[in-house]
Amino acid sequence: MVTYRLQFSKDQTFQTGAELVPYLEQLGIATLYSSPLLESGAGSNHGYDVVNPGWISVERGGIEGLDHLLRTLREAGMTMLIDIVPNHVGVEVPKANPWWWDVLTHGRASRWAGHFDIDWAAGPILLPILDADEAGALAQLTVQDGELRYYEHAFPLAPGTGSGTPQEVHERQHYRLVSWKRGAAELTYRRFFDVSTLAAVRVEIPEVFEDAHREVLRWVRAHPEIVGLRVDHPDGLSDPGAYVRRLRAALGPDKWLLVEKITHLGEELPASWPVDGTSGYEALADVQGVFVDPDGAGLLTQFAAEHTGVRQSIREAEYDGRREVADTILAAEVRRIAALVPGESPDTVRDAVAEFLCGFPVYRSYLPEGRDSLDTALSVARTRRPDLKVELDTIYSAMLAEPHGELATRVQQTSGMVMAKGVEDTAFYRWNRFVALNEVGGDPGRFGLSPAGFHAALAAREAGSPRTMTTLSTHDTKRSEDVRARLAVLAEIPGEWTARLRDWSARYPLPDRSLELLAWQCLVGAWPISAERLASYLGKASKEAKLVTSHVDAVPEVDEAIAAWPAQVLGDAALVAEIQAFVERIAGPGWSNSLGQKLLQLAGPGIPDVYQGTEVFEYSLVDPDNRRPVDFAARRALLARLDEGWLPEIDSEGAAKLLVTATAARLRRFRPELFQHYRAVPADGVAAEHAVAFARTDRLVAVATRLPVGLAAKGGWGDTVLPLPGGADDWHDMITDTPVDGATPALGTLLSRYPVALLVRPA
């Protein structure tokens, strides 16, 4: 089957989803993959800020709307996969969340106090807010040291309103004080990463698990068309293994259970987790990697070092980013861990904790599983800071002695935060040699993947986790699959690209040289793009990089210069003409890469997902850019033409990608028996390295073109042929609906219309 991800919101409701069902069914989609359905913050376009786990989102259509959507899916013979958020709830508007509001009102006496991971011993709950509007009716304003801050506000613990100043009230203990401050290090509750408006909940407690999952599980049990759940961010939980085992017991053995787990190269899910797989980031890296030319690495690496004046490995950049966030935006979490470690100097212990967290080679270990990751963390930290050996050894020994103790739990929870914020949201915006690789779950240090490596990865996926999800784009990817496919062309023409970049950046510099590398790549990758969209993206990217400005310490003159840059560039008619000409130069090979990676994902092992709108060419950057409205009417019209027999040209309209998507999705839905097993199908001839092909059973073969610029430079396919399995000569290309010429077709003929083919033969 193939899933299709929809982002529900007030603008794309359950009713919208129901209206899309006929189109999705026609496309070949078997399962609607839904963003979270529970009540979330007003206007949320993602749903991960759940404010009421016991209620279906009214803004998205409520219980009636969801029931109508499920009924529509059932009538179409389709199913639904639901995204859930067990780690945290939204608290941006405290009164909107009944659990959180009750805790703020009643403190530890609240029925929900134990649901949150609050450090009660540290004093009042400290809540950061950014402006007066967020304070609402909760806080009184004052000015301290020339800066707007928030004074403490009292909440009643007992009947009666009390009187006097907040401090006097506090001293009489008639009220609980809730402090509002700017500095997120000052927090006394665990969050989702550094997002202070998302407060973590303790689903490891059975009562909390029941309260958080009751409504979702009720719907799963009442509606057989709900085939499973996708669990957001399990690494933030105290014991992810115990959580998924409890959830599996509640779901039963037959439901699909996926975790949004980012694995590093070679990392596997813990063997004890009763899950079907992940949401597919590792597949994204494999599929994209085979379309990247490793020969481009040398020149692009050299140019990046010359342009920025910094020669630094990705590992050093990752360490710097991790250490920076451990010392700043995640300092509260580090201090909370350090308080659990004995030592003579609190500062030294905090230093050791931060160093230990920065040493993990993966997001986290899952003690007693993942002991090797813990060993690596200790070794790396000792190597970097031999002066902290005593403190580091103390942390390590205590974690091994009590693998489920508070210290081990908090270190493992926080190592994932440090990795996510320090690497994906810092280093991946700083180390901009070739940003097509700077993707969630990816490794910018791995410049391309050989066909042999690609086949090994897919064969392992088929053998070990055939029901895992695979993806190319998600609501969290930093660039859409088609942006990355176009950027992959740059690795084939590094000399031409670096010459352009050198010239353009000299004419329109930015306040940071590494940001220039990022900006020009994203400009050509997402072209055509408006100044407004690009300015929004660069503003976010520069603040994530934290080199010349940041979210916490914004530099107004820098922010203004970055915001003005897109309009300046796009206002230069001569430069726009140059950019347009260059994009036209790489567009065709980029389309070839797009079609190739889409076919390999859809035909390969695992359960492929199509992110909303990406069935045609779609050039988006990081959220919220990738959550813009999708023109489904245009896609419906294109699909109707395809069903009339139209074979479109490969152009910016994207109908060719829709053709590939629909062909593979329909085949997977109606001929699932073809998509079993896996083996490479090597080409033979002068251009064999430019083909990547595999068989699923001996009756289905997918073939795609890789490194199309190099292929054209060789003069095309020449005598290259593709020997098909079994020596049979009755193959048919489902994409063009044409018979294949013999058992060893010439690739020049087979791929004459499109750079991909999906071959099937009868039993």
Side-chain angles (χ1 to χ4, degrees), residues 3 5 31-40 47-48 50 52-56 66 70 79-89 99 114-117 190 192 198 200-263 268-281 363-370 404 409 412-413 416 465-469 606-607 609:
T3 67
R5 170 76 177 204
T31 300
L32 174 61
Y33 170 26
S34 164
S35 62
L37 305 179
L38 297 173
E39 192 74 56
S40 57
Y48 291 102
V50 172
N52 189 342
W55 198 254
I56 298 296
L66 178 58
L70 288 167
T79 57
M80 177 182 260
L81 172 72
I82 297 177
D83 199 345
I84 64 169
V85 193
N87 178 69
H88 55 265
V89 293
W99 294 6
H115 283 51
F116 296 96
D117 192 356
R190 187 168 59 83
F192 170 70
L198 297 175
V201 291
R202 302 181 62 195
V203 292
E204 68 272 18
I205 300 173
E207 177 189 359
V208 180
F209 179 93
E210 291 298 324
D211 288 339
H213 294 79
R214 184 176 295 110
E215 181 66 7
V216 167
L217 290 175
R218 183 178 73 82
W219 277 86
V220 171
R221 290 162 182 155
H223 296 272
E225 58 270 25
I226 300 178
V227 292
L229 301 176
R230 177 264 201 194
V231 177
D232 181 67
H233 188 48
D235 278 348
L237 306 178
S238 65
D239 189 344
Y243 169 80
V244 293
R245 287 189 287 274
R246 180 176 285 133
L247 185 58
R248 170 58 78 192
L251 284 175
D254 298 327
K255 293 293 185 182
W256 199 18
L257 182 55
L258 301 171
V259 290
E260 189 235 3
K261 166 65 183 161
I262 297 173
T263 57
E268 301 288 340
L269 290 178
S272 66
W273 289 17
V275 301
D276 294 294
T278 73
S279 50
Y281 296 124
Y363 270 67
R364 64 169 287 171
S365 55
Y366 306 93
L367 294 178
E369 295 171 283
H404 296 292
T409 296
Q412 292 176 101
Q413 286 177 308
S465 50
R467 282 169 53 81
T468 191
M469 180 176 279
I607 309 298
D609 176 58

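It should be emphasised that the depicted structure is a prediction, and the values quoted were computed from it without experimental measurement. Along the sequence shown, the residues carry numbers beginning at 1.
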To the nearest 0.5 Å, how far apart are [atom1] in [X] and [atom2] in [Y]?
X: Leu229; Y: Leu81; atom1: CG; atom2: CG; result: 7.0 Å
X: Ile84; Y: Glu215; atom1: CD1; atom2: CD; result: 13.0 Å
X: Met80; Y: Leu66; atom1: CE; atom2: CG; result: 6.0 Å
X: Asp83; Y: Leu38; atom1: CG; atom2: CG; result: 10.5 Å
X: Ile82; Y: Leu70; atom1: CD1; atom2: CG; result: 6.5 Å
X: Lys261; Y: Leu269; atom1: NZ; atom2: CG; result: 7.5 Å

[X] to [Y] - nearest heavy-atom pair and separation:
X: Ala212; Y: Val203; value: CB-CG1, 4.2 Å
X: Tyr366; Y: Pro270; value: CD1-CG, 3.5 Å
X: Gly370; Y: Ser365; value: O-CB, 3.3 Å
X: Pro240; Y: Pro234; value: CG-O, 3.2 Å
X: Pro36; Y: Gly47; value: CB-O, 3.3 Å
X: Ser34; Y: Arg5; value: O-NH1, 3.8 Å

Answer yes or no: is there a side-chain heavy-atom contact under 4.5 Å between [X] and [Y]?
X: Leu258; Y: Thr278; value: no
X: Thr409; Y: Asp239; value: no
X: Ser465; Y: Glu268; value: no
X: Trp256; Y: Ile226; value: no
X: Arg364; Y: Gln412; value: yes
X: Arg202; Y: Ser238; value: no
X: Val89; Y: Phe116; value: yes
X: Asp117; Y: His88; value: no

Given the ring of Tyr33, does Arg230 sit roughly above its face, with NZ or CZ under 6.0 Å from the centre of the six-membered ring and within 45° of the axis? no
Do other residues, nucleotides or ligands put more than 12 heavy atoms under 6.0 Å from Trp219 CH2?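 More than 12 within 6.0 Å, yes.
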Would the distance check show the side chain of Gln413 and the main-chain N or O of Gly236 forming a donor-acceptor pair, the cut-off being under 3.5 Å?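 Answer holds: yes.
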Taking Arg248 for its side chain and Lys255 for its backbone only, find out whether a donor-acceptor pair lies under 3.5 Å.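 Between the backbone of Lys255 and the side chain of Arg248 there is a qualifying donor-acceptor contact (under 3.5 Å).
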Ser279 and Glu260: side chain donor to acceptor below 3.5 Å: no
Partners of Asp609 by salt bridge (charged side-chain N to carboxylate O under 4.0 Å, His left out), sequence neighbours excluded? none
Test side-chain contact (heavy atoms from CB on, under 4.5 Å) on Asn87 and Phe192 and set out the steps. CA-CA 7 Å; Asn87 178 69; Phe192 170 70; 4.0 Å; yes
